Novice: 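Dumping the structure here so I can ask a few things about it.
If you're wondering where the values come from, they're calculated on a predicted model, not measured in any experiment.
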Amino acid sequence: MAKKKEKKEKKAGKRMSKKELAALLIDFFHAKSSEILSMKYIFSELRLTTHPQKMLCVDILHDLLDDDYISEIEKGKFRLNNHGTEMIGTFQRKSNGKNSFIPEEGGEPVFVAERNSAHAMNNDKVKITFYAKRKNREAEGEVIEILERANDTFVGTLEVAKSYAFLVTENRTLANDIFIPKDKLKGGKTGDKAIVKITEWPDKAKNPIGQVIDILGKAGDNTTEMHAILAEFGLPYVYPKAVETAADKIPAEITPEEIAKREDFRKVTTFTIDPKDAKDFDDALSIRSIKNGLWEVGVHIADVTHYVKEGGIIDKEAEKRATSVYLVDRTIPMLPERLCNFICSLRPNEEKLAFSVIFDITEKGEIKDSRIAHTVINSDRRFTYEEAQQIIETKEGDYKEEVLMLDTIAKALREKRFAAGAINFDRYEVKFEIDEKGKPISVYFKESKDANKLVEEFMLLANKTVAEKIGRVPKNKKPKVLPYRIHDLPDPEKLENLSQFIARFGYKVRTSGTKTDISKSINHLLDDIHGKKEENLIETVSIRAMQKARYSTHNIGHYGLAFDYYTHFTSPIRRFPDMMVHRLVTKYMDGGRSVSEAKYEDLCDHSSNMEQIAANAERASIKYKQVEFMSERLGQIYDGVISGVTEWGLYVELNENKCEGLVPVRDLDDDYYEFDEKNYCLRGRRKNRTYSLGDAITVRVARANLEKKQLDFELIEK
């Protein structure tokens with residue numbers, strides 16, 4: 001009987017046409033719409049036993065893949081593409097008209113032509129409908145509804161004609177200038193930088209219509225350009241008057257009652273070490289000998305939350321800003337100036353309130369005891385990093401015994417940290433010397449020396465100790481809610497790419513093993529490249545393989561520092577998470593109950609986002625100064641190194657001043673070049689010439705466009 005049945009089935013199988021099998025396959029995918037189906041499973045379930053049947057099935061699967069009807073999740077495993085007729089997601093606008101839609105539920109981007117975009121703006125939340133799929137063409141959709149506008153204000157330069165005006169934007173996501181009616185100009189003139197809000201974009205109109213919200217000043221003027229960068233990133237460039245007025249009413253005097261509640265450190269040797277141009281000193285160090293071989297070291301942090309009350313007008317502004325922003329030539333503070341540079345700043349020879357972490361510690365960095373306490377201090381001396389560095393190097397100067405002992409302990413702590421697997425990214429910063437008009441006159445590199453590392457090591461220790469005091473609880477107890485500073489393990493795929501990339505320079509890095517194995521191997525690599533010409537480049541690619549550190553109430557530890565518990569406690573003048581931590585630690589020390597995890601996770605997300613935006617604005621300001629600096633050096637020739645490879649060209653970093661520019665691919669006219677993403681290179685199709693990341697190269701400065709913050713170089717053949 002069984003044999004008869006098998007014969008019958010084989011016969012039937014032979015007769016099944018491609019059309020019939022395709023219908024069967026489609027029904028099968030719909031019946032298992034949420035599952036991932038392997039080729040083997042499909043063959044067995046549809047009883048495809050002969051070779052011709054299986055080959056026909058494979059053929060149909062390829063057709064369904066081409067039609068975007070199914071996706072291949074991994075080799076030989078498929079799933080139904082569950083596009084309904086409509087989807088919700090994010091619209092991404094490109095100035096070349098190749099807009100795309102990113103589905104909320106995940107999945108492949110969908111192409112949206114300009115004519116089908118309903119004037120959606122970049123990052124708008126939209127609803128699209130699908131078009132019938134054309135053979136061998138990417139999926140295409142049409143925006144049918146704009147659900148949520150992401151951004152409706154733009155920064156640009158005004159062009160005013162007799163009866164109308166335009167805002168010309170350099171925004172890469174807006175292909176069209178914004179039309180401004182004459183009565184909505186707010187007094188703006190041609191050549192003014194302005195912020196414009198789009199008020200409507202009529203269906204048939206090519207250009208959106210807007211109104212001027214603020215005039216920033218003349219294009220090219222330094223303050224105007226810095227404010228324009230802030231406005232471009234949606235960051236505030238003025239401080240609200242009402243918040244400053246509230247800060248002016250805060251009394252600076254410290255009452256005897258307040259001093260009585262605190263530990264008194266006024267008689268203990270205390271000093272601050274900061275950059276020479278700093279005004280907001282938010283940390284100080286104290287040290288005294290307790291007994292032979294044991295030292296008491298105090299890490300004293302400005303007690304900002306004593307003055308800034310939760311929910312008040314100053315607090316709300318600080319929460320919104322979440323961080324101070326450091327542009328090339330100015331600081332945009334999180335708190336009003338009266339607080340950050342005067343009341344809270346730990347200035348020398350003034351009594352100040354602090355929140356302190358106090359350690360009993362040996363010179364080998366062994367911690368015998370630690371506690372957190374509200375204190376009152378009086379700093380004896382304000383050191384710049386350069387002054388403290390000189391004491392470390394010459395062993396001479398004010399408070400030399402104290403400075404040298406702190407340096408000895410810091411070096412021991414640092415050694416312990418690296419032994420535990422912390423990663424040693426010791427990068428230099430590019431800084432500009434700027435004249436009074438904001439014009440860059442020279443470039444210098446700021447390196448981290450022993451004095452910087454001394455301060456850093458004690459700040460890390462204080463942050464780690466605070467996180468441990470709250471986060472480390474007995475097994476059966478749940479820790480109270482706290483914003484942690486977390487850092488995940490490197491992305492395995494990016495680590496693999498790093499490994500392949502450095503192999504061409506003759507280096508190796510581990511891509512598997514324990515956390516410590518990997519971090520020690522990365523450190524080994526960083527040691528090997530030290531002082532070599534490829535150092536900066538390999539460091540950059542290594543950093544790209546790392547995850548970004550962020551804030552979260554869910555602690556997973558800090559991989560880069562090799563700490564199981566870490567938070568931010570030491571900079572409440574310039575970071576909102578530190579203010580949150582100060583408040584919560586105070587509350588918990590007084591026996592208070594835990595707070596809402598959801599509320600604090602939202603605040604952590606907001607702080608992480610604002611930190612990223614501030615970093616992007618800082619980078620844009622550096623880029624602007626680089627272009628300004630190089631615009632006076634047009635035609636000059638420099639040696640450099642290829643620091644980035646993209647489909648539109650080669651980024652080159654100059655050796656002499658670390659300024660970066662682009663050699664556009666259109667200028668590489670000796671061949672047709674193709675972009676090899678995996679190997680970070682451009683390869684000529686005919687002559688097979690390659691330009692790879694890290695190659696030494698000579699260029700001439702060709703163009704400097706300040707509006708676009710863009711430097712163009714041209715290649716000089718050696």
Novice: One pair to check against ring-ring contact (aromatic ring centres under 6.0 Å, His included): F111 and F101. What are the steps and the verdict?
Specialist: CA-CA 6 Å; F111 170 66; F101 165 87; over 10 Å; no

Novice: Do I180 and L158 touch side chain to side chain, with heavy atoms closer than 4.5 Å?
Specialist: yes

Novice: Please report whether the ring centroid of Y164 lies less than 6.0 Å from that of F166.
Specialist: yes

Novice: Does either side chain, that of S552 or that of E601, offer a donor lying less than 3.5 Å from an acceptor on the other one?
Specialist: yes

Novice: Could you list the residues that satisfy salt bridge (Lys or Arg N to Asp or Glu O under 4.0 Å) with D667, not counting sequence neighbours?
Specialist: R703

Novice: W201 and A205: which non-hydrogen atoms are nearest, and at how many Å?
Specialist: NE1-O, 3.2 Å

Novice: Would you indicate whether K320, at its atom NZ, is surrounded by more than 12 heavy atoms from other residues, nucleotides or ligands within a distance under 6.0 Å?
Specialist: no

Novice: Determine, stepwise, if the pair I209 / I178 fulfils side chain to side chain contact (heavy atoms under 4.5 Å, CB included).
Specialist: CA-CA 6 Å; I209 299 169; I178 301 168; over 6 Å; no

Novice: Are there over 12 heavy-atom neighbours, none belonging to Y444, within less than 6.0 Å of that residue's OH?
Specialist: yes

Novice: More than 12 heavy atoms of other residues, nucleotides or ligands under 6.0 Å from NZ of K658: yes or no?
Specialist: yes

Novice: Hey, is the main chain of V328 close enough, under 3.5 Å, to the side chain of K431 for a donor-acceptor pair?
Specialist: no

Novice: Which pairs, with at least one residue in residues 607-621 and sequence neighbours excluded, count as a salt bridge (charged side-chain N to carboxylate O under 4.0 Å, His left out)?
Specialist: R485-E611

Novice: Is it true that atom CD of E493 has more than 12 heavy atoms of other residues, nucleotides or ligands lying nearer than 6.0 Å?
Specialist: no

Novice: Between D329 and N222, does any side-chain donor sit less than 3.5 Å from a side-chain acceptor?
Specialist: yes

Novice: Quick one: does N657's side chain get under 4.5 Å of F629's, heavy atoms only?
Specialist: yes

Novice: Determine, step by step, whether T157 and D192 satisfy the side chain to side chain contact (heavy atoms under 4.5 Å, CB included) criterion, reporting the C-alpha distance in whole Å, the side-chain angles of both residues, the deciding distance to 0.1 Å, and the verdict.
Specialist: CA-CA 6 Å; T157 309; D192 281 350; over 6 Å; no

Novice: Look only at the side chain of D221 and the backbone of K218, and say whether a donor-acceptor pair between them is shorter than 3.5 Å.
Specialist: no

Novice: Do any N or O atoms from the side chain of D671 and from the backbone of R686 form a donor-acceptor pair under 3.5 angstrom?
Specialist: yes

Novice: How close do E232 and V155 get, heavy atom to heavy atom, and via which atoms?
Specialist: N-CG2, 3.7 Å

Novice: Regarding Y624 and Q626, is there a side-chain donor-to-acceptor distance under 3.5 Å anywhere?
Specialist: no

Novice: NZ of K548: more than 12 outside heavy atoms within 6.0 angstrom?
Specialist: no

Novice: Do K599 and D602 have side chains that approach each other closer than 4.5 Å (heavy atoms only, starting at C-beta)?
Specialist: no

Novice: Side-chain contact, heavy-atom cut-off 4.5 Å: L662 with F713?
Specialist: no

Novice: For Q92, look at atom CD and say whether over 12 heavy atoms of other residues, nucleotides or ligands are found less than 6.0 Å away.
Specialist: yes

Novice: One thing to verify: whether E628 and K625 come together as a salt bridge, which I'm taking to mean a side-chain N less than 4.0 angstrom from a carboxylate O.
Specialist: yes

Novice: If you apply the rule side chain to side chain contact (heavy atoms under 4.5 Å, CB included), what do you find for V112 with V143, and how did you get there?
Specialist: CA-CA 8 Å; V112 180; V143 175; 4.2 Å; yes

Novice: Could you give me the CA-CA distance, side-chain angles and deciding distance for I250 and I314, then say whether side chain to side chain contact (heavy atoms under 4.5 Å, CB included) is met?
Specialist: CA-CA 11 Å; I250 296 174; I314 302 173; 3.7 Å; yes

Novice: Using only atom types and a distance under 3.5 Å, with no angle test, would you say the side chain of R550 pairs donor to acceptor with the backbone of S608?
Specialist: no

Novice: Hey, are E72 and R79 close enough for a salt bridge, meaning a charged N less than 4.0 Å from a carboxylate O?
Specialist: no

Novice: Just by modelled atom types, is the G89 backbone N or O under 3.5 Å from a matching donor or acceptor in the K127 side chain?
Specialist: no

Novice: Any carboxylate oxygen within less than 4.0 angstrom of a Lys/Arg side-chain nitrogen, looking at D578 and R575?
Specialist: yes

Novice: For the pair T331 (side chain) and P333 (backbone), establish whether a donor and an acceptor sit closer than 3.5 Å, ignoring hydrogens and angles.
Specialist: no

Novice: Indicate the atoms forming the closest heavy-atom contact of Q547 with H487, along with that distance.
Specialist: O-NE2, 3.0 Å

Novice: Please name all residues satisfying salt bridge (Lys or Arg N to Asp or Glu O under 4.0 Å) with D214, sequence neighbours left out, ordered by chain then number.
Specialist: none

Novice: Kindly indicate whether the side chain of V645, heavy atoms from C-beta on, has any atom under 4.5 Å from the side chain of F675.
Specialist: yes

Novice: Please step through side chain to side chain donor-acceptor pair (under 3.5 Å) for the pair D670 and Y673, ending with a clear verdict.
Specialist: CA-CA 9 Å; D670 64 324; Y673 283 89; 3.1 Å; yes

Novice: Could I get the full list of salt bridge (Lys or Arg N to Asp or Glu O under 4.0 Å) partners for E674, not counting sequence neighbours?
Specialist: R685

Novice: Where the side chain of E225 meets the backbone of G220, is there a donor-acceptor pair that is under 3.5 Å apart?
Specialist: yes

Novice: What is the minimum heavy-atom distance between A120 and V126, and which atoms define it?
Specialist: CB-CG1, 4.0 Å

Novice: Indicate yes or no for a side-chain donor-acceptor contact from R330 to the backbone of Y326 under 3.5 Å, with no hydrogens or angles considered.
Specialist: no

Novice: Could you check whether any side-chain heavy atom of L668 comes within less than 4.5 Å of a side-chain heavy atom of L650, counting everything from C-beta outward?
Specialist: yes

Novice: What do the steps show when you test S643 against E660 for side chain to side chain donor-acceptor pair (under 3.5 Å), and what is the final call?
Specialist: CA-CA 8 Å; S643 55; E660 192 180 54; 2.6 Å; yes

Novice: Heavy atoms only: give me the nearest F233-A620 pair and the separation to one decimal.
Specialist: CE1-CB, 3.8 Å

Novice: Is a side-chain donor or acceptor of K182 paired with a backbone partner of A161 at a separation under 3.5 angstrom?
Specialist: yes

Novice: Which pair of heavy atoms, one from T90 and one from N123, lies closest together, and at what distance?
Specialist: CG2-CA, 3.6 Å

Novice: For D282, check salt bridge (Lys or Arg N to Asp or Glu O under 4.0 Å) against everything at least two apart and list the hits.
Specialist: none

Novice: Measure the shortest side-chain to side-chain distance between Y638 and T698 over non-hydrogen atoms and say whether it is less than 4.5 angstrom.
Specialist: no

Novice: Can any side-chain N or O of N705 pair as donor or acceptor with the backbone N or O of E707 at less than 3.5 Å?
Specialist: yes

Novice: Test the R93-F91 pair against the cation-pi criterion, namely NZ or CZ under 6.0 angstrom from the six-membered ring centroid and within 45° of the ring axis.
Specialist: no

Novice: For Y551 together with H568, are the ring centres under 6.0 Å from each other?
Specialist: yes

Novice: Taking E244 first and then R338, would you say they form a salt bridge - that is, a charged N and a carboxylate O separated by under 4.0 Å?
Specialist: no

Novice: Please report, to 0.1 Å, the donor-acceptor pairs under 3.5 Å made by any side chain of residues 183-190, with sequence neighbours excluded.
Specialist:
| unit_1 | atom_1 | unit_2 | atom_2 | d |
| --- | --- | --- | --- | --- |
| K186 | NZ | I213 | O | 2.6 |
| T190 | OG1 | V160 | N | 2.9 |
| T190 | OG1 | V160 | O | 3.4 |

Novice: Step by step, would you call E433 with S442 a side chain to side chain donor-acceptor pair (under 3.5 Å)?
Specialist: CA-CA 5 Å; E433 205 176 311; S442 69; 3.2 Å; yes

Novice: What I want to check is whether the side chains of N99 and E114 have a donor and an acceptor closer together than 3.5 Å.
Specialist: yes

Novice: Indicate yes or no: at least one non-hydrogen side-chain atom of M580 is less than 4.5 angstrom from one of S607.
Specialist: yes

Novice: Is any side-chain N of the basic residue among K439 and E632 closer than 4.0 Å to the acidic one's carboxylate O?
Specialist: yes

